[in-house]
Protein chains: 2
Amino acid sequence: MSQTVDRALRILPLLAEGPANLEQVAARLGVHKSTALRLLRTLHEHGMVYRQQDQRYRLGTRLFALAQQAAENLDVREIAHPHLAALNERCGHTVHLAVYEDGEVLYIDKVESRYPVRMYSRIGKPVAITVAAVAKLLLADLPEPERRAVAERLDYPAYTARSTPNAAAYLKELATVREQGWATDFGGHEESINCIGAPVRGTDGRTVAACSVSAPNVVVGTGELLELLPLLRRTADAISAEYSGTTPPPLQKANS
Amino acid sequence: MSQTVDRALRILPLLAEGPANLEQVAARLGVHKSTALRLLRTLHEHGMVYRQQDQRYRLGTRLFALAQQAAENLDVREIAHPHLAALNERCGHTVHLAVYEDGEVLYIDKVESRYPVRMYSRIGKPVAITVAAVAKLLLADLPEPERRAVAERLDYPAYTARSTPNAAAYLKELATVREQGWATDFGGHEESINCIGAPVRGTDGRTVAACSVSAPNVVVGTGELLELLPLLRRTADAISAEYSGTTPPPLQKANS
DNA sequence: TGCTGTTGTTGCACTCTGTGCAACGACCGT
DNA sequence: ACGGTCGTTGCACAGAGTGCAACAACAGCA
């Protein structure tokens, strides 16, 4: 809509691929150097880009701060986290939380099994939307027209032989998911990784988020993983209850 | 520089405080509703803002993705993390990593002691620049004019009785830090929290980052904490060495 | 049911802001 | 000292952004 802003914002994903100098930015935007310069300066003033010693631009740290504040506004995440941690405690596997937004599904939280590190490293990563259990849950709950529109707009990469092949198959899978109230991804993304997911619902019953448990084939087979389904669903329901306000938060959650 | 982009970007921190509707945004920007609408639409198209059911706008999840990619470009963080984790392993306290950028100091990594959770929750948070050990280290290394300019531009909030009171005191403290090569914060931010920090240096000797160990008074006194200084400095030096390329990375760090 | 106030959206004329050009300047390597 | 590369500046033109006013959608209320 607004040409100038549009151009400025296109710079950000461009720089996300790596640092670039003025000319490269101008070339990739298809504008004159001086135009790119002014856009970059404006972005710079707002801390969105940073100019390193070699004068090349890269993304600025203000993005961190904004993303962090954005995360704080997602109160599902805050409410869900202790439940996810408890789930991880009991089953030991990787636990994810994801939300749907504008045709994309994004991880917004993760608890990793063994190594206590770098949880944040995946947060914000777009989910493999055609195969992930959490994606199926979130899409399954969309109103029919939007669901169909999204499904038909997607690409269906063949990550493995068991990946969802096309829109028709996906819509059928979504119908199943919607009916049974939970979802799986058995080797659809990575051959050796299985995953089960369950929905978190708001007061109105709409699916506001989805959580999942993932484990490599060699550790637990699909059968064993499915044994965790009741536990997973209880967790998701507990989050739903607290999110809907039907259950008071377990402890004081006083903020400062 | 660019009015339109400037206005658009001012919307983001505004929304970071919480969701807002069109009128509120227009009012706080000081522009007409229709102008605000077009800016918000453009931001929306880029996923920077999201429109929730009640039609109010909030920050969009694209910010997550961008921040994550920005983080991946900060290779100091990647190199430092294993060292920080090892340090945490040995001393058990909270470990931070921070960088300086355009007059601000930001945490870019954190390893927490006890509870394995929500490491990311503080990442991106601006540091209490007048008192934090990491901030002192990073500012101490700035060229004289910039250091003075920054110091005099700052506010000096009296978090506690031991907070740095004004620019003169801060500059003096920075001189000490620069000379001794490490920094402390003994109750300058929170009365009961002590902290020691050490610099990570690049090939040219410039301080590119700073790491620190923080612990509450009740667990270890300042004396005990200072006993960790050699370990902390060895850690910082190890990061510096690896970052400068004088030491090969300890194991294979193959990416994909 | 109809009225009124609120809030989001659209079309349009005006002009201010962004644009590209060309010239300049800083820097680097040879 | 010289040419080449890349960032920066000033300027004239017009295209893009702006605010206004009217419209539409909706909610609350009598």
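Below, read A as the first sequence line, B as the second, and so on, with proteins coming before strands; counting in each chain starts at 1. Predicted, not measured: the structure shown is a model, and the values here were computed from it.
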Per-nucleotide protein contact along nucleotides 7-19 of chain C, 5' to 3', at a 4.0 Å heavy-atom cut-off (B base, S sugar-phosphate only, - neither), is SBBB------SSB
Please answer whether the main-chain N or O of [Y] pairs with a side-chain N or O of [X] as donor and acceptor at a distance below 3.5 Å.
| X | Y | answer |
| --- | --- | --- |
| Thr42(A) | Ser2(B) | yes |
| Glu179(A) | Thr176(A) | no |
| Glu242(A) | Ile239(A) | no |

Which heavy atom of Val200(A) sits nearest a heavy atom of Ala236(A), and at what distance?
CG2-O, 4.2 Å
Is there a side-chain contact between Glu17(A) and Arg28(A) (heavy atoms, below 4.5 Å)?
yes
